[in-house]
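Take a look at the structure below.
Any value given below was found using the heavy atoms of this structure, including those in side chains, with hydrogens, waters and symmetry copies removed. Proteins come first, then strands; the chains are lettered A, B, ... in the order of their sequence lines, and each starts at number 1.
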Protein chains: 2
Amino acid sequence: MNRYEDPLALVDVTLFTIQDGRLSLLLATRKNAQEPYCGALALPGGTIHTDEDEDAQDAARRVVRTKLGIDPPYLEQLYTFSGRTRDPRRWSLSVAYYSLVPEQVLEETPIEGLEFVPADAIPGLPFDHNAIAAMAIARLRSKSTYSSLLTFLLPPEFTIPELHAVYEQVTGSTTNIAAFRKKVLDEGMIEPTGQRRKGGQHRAPDLYRRRGTGLQELKRTI
Amino acid sequence: MNRYEDPLALVDVTLFTIQDGRLSLLLATRKNAQEPYCGALALPGGTIHTDEDEDAQDAARRVVRTKLGIDPPYLEQLYTFSGRTRDPRRWSLSVAYYSLVPEQVLEETPIEGLEFVPADAIPGLPFDHNAIAAMAIARLRSKSTYSSLLTFLLPPEFTIPELHAVYEQVTGSTTNIAAFRKKVLDEGMIEPTGQRRKGGQHRAPDLYRRRGTGLQELKRTI
DNA sequence: TTAATAGTGTCTGTGAGACAATATCAG
DNA sequence: CTGATATTGTCTCACAGACACTATTAA
């Protein structure tokens, strides 16, 4: 039926977290079995396993689970990269995903062959992985301004100053926190837990949680 | 190397135009050679030809060229739909695109087995094509509000009232044209040609063109 | 001149953003 | 109390949107 050679079908994941206060992403050393570029640092990924993966998102989830031992709290399709020459093996097609994970979740995770690098200091990567990572960062920056996306980089309960710090780190903007507080509160994407964070040196900040389980988005008007 | 059966690699295109003042999209009758669902109306698409297509976008462009005989003025990747059961043949992966074409371009095109249906009256389609079309419509609606996207549904020179009519047709909003005019003009996405459209019954409207060759997008602030 | 459509100017409400003032914590 | 951080309140500016007014066309 199909007269043409099938493309190689892959998934790749750009997994973000906060490390030492900086937006960082996960790179993995490619194993010996993983030709080509084995031994090199790259975005975690691999071929779709049509016998066990229900769909591409499922394949991406498996990749994260295999590397980190956790199910990613947030995982969204980014873009599909394709072409004759992007992979030396053959015509290939990689469905790219990006994921957000709070740093607290990663503390008890195996770091075998894994490395987190700051998003503004990504080394040269094989394939078109630098382009994938760049698009993931752009998407994250953009979506941070009109959704509850950044709450997925924080633990279930967090404070406005914490969210503001992540916002500044990701977007590079330096708006004052009072305006930021008002905006996120009357957008209604987060809600107060009624508790405060005790134990700090100073005034205890109010705790909030994401409203609803999934991502909240704002709509534009005209 | 690859122990798993390769997925079927496809592209599908949701091609929008304006017909009789309504947002419409293209459906094509699947040919006899096109198992499964041959004879049914579906989104135009097909397998990626790894021997002639440079990448998936190229494959989508070929699909449009084959059906309509034209290179689509606007073609953008939408989403990749995948899974074990979405195609009866086998585990499949379809990179979906959407395209915008002015109705004037389609006037001298072969209509062999082609049909345009209003976007709010799409019949039942095979595969997950209804989900693809729904996402394409949602993307078009959303992006219409903050980009020059809708100008690709109009000829190279157009008037503000024409653009406004398309805007209302696509988004369903009914904002008054004065506000719309001011917004699109100081966004700077279109520019006056200096000419007016002669021959109407009433005051001749100013003509505009898209500024730049490609899509213009607005950025949000916070 | 009239009817119909196109384009411009003015007013208002909303919300981002800056800044000041108040509140709360530990020492 | 003091110093540091958190939160709230006030003011301003930008802009979407409504509406009224002016402009242009053909009959």
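None of B/L26, B/V13, B/T14 except one satisfies the side-chain contact (heavy atoms from CB on, under 4.5 Å) rule with B/L43; the exception is B/T14. For the side-chain contact (heavy atoms from CB on, under 4.5 Å) with A/Y74, the qualifying choice from A/L153, A/L15, A/L149 is A/L149, the only one to do so. Of the options B/D55, B/D53, B/D71, a salt bridge (Lys or Arg N to Asp or Glu O under 4.0 Å) to B/R62 is made by B/D53 and by none of the others.
Side chain of A/P205, nearest nucleotide from D/dA6, C/dG9, C/dA6: D/dA6. Comparing C/dA6, D/dC19, C/dG17 against the side chain of A/K182 picks out C/dG17 as the nearest. Residue A/H202 has its side chain nearest to C/dC25 when only C/dA16, C/dC25, D/dG9 are considered.
Across all strands shown, A/K198 has no heavy atoms under 4.0 Å from either base or sugar-phosphate atoms. Counting non-hydrogen atoms under 4.0 angstrom, A/D206 reaches the backbone sugars and phosphates but no base.
Each of B/A204 and A/D186 lies near DNA chain C, and the nucleotide nearest B/A204 is the one positioned closer to the 5' end. A residue-by-residue look at A/T174 and B/L185 shows that B/L185 has its nearest nucleotide of DNA chain C further toward the 5' end.
B/Q169 contributes a side-chain N or O that, together with a main-chain N or O of B/G21, makes up a donor-acceptor pair within less than 3.5 Å.
The distance between atom CZ of B/R203 and atom P of D/dT25, rounded to the nearest whole Å, is 8 Å. Per the geometry, CD belonging to A/Q201 stands 9 Å off P belonging to C/dA26, to the nearest Å. If you take CZ of B/F180 and P of C/dT8, they are 15 Å apart, rounded to a whole angstrom. In this structure, B/R197 atom CZ and D/dA23 atom P are separated by 24 Å, rounded to whole Å. The NZ atom of A/K183 sits 18 Å away from the P atom of C/dT14 (whole-angstrom rounding). The CD1 atom of A/I177 sits 16 Å away from the P atom of C/dA16 (whole-angstrom rounding). Atom OH in B/Y146 sits roughly 19 Å away from atom C1' in D/dA16 (whole-Å rounding). The separation between B/H164 atom NE2 and C/dT8 atom P is 15 Å, rounded to whole Å.
Using bins of under 30°, 30° to 60° and over 60° for the plane-to-plane angle, the ring pair A/Y79/A/F81 lands in the perpendicular bin.
Contact between the side-chain N/O atoms of A/R196 and the OP1/OP2 oxygens of C/dC25 is found at a separation under 4.0 Å. At D/dG17, none of the side-chain N or O atoms of B/N176 fall inside 4.0 Å of OP1 or OP2 (strictly under the cut-off).
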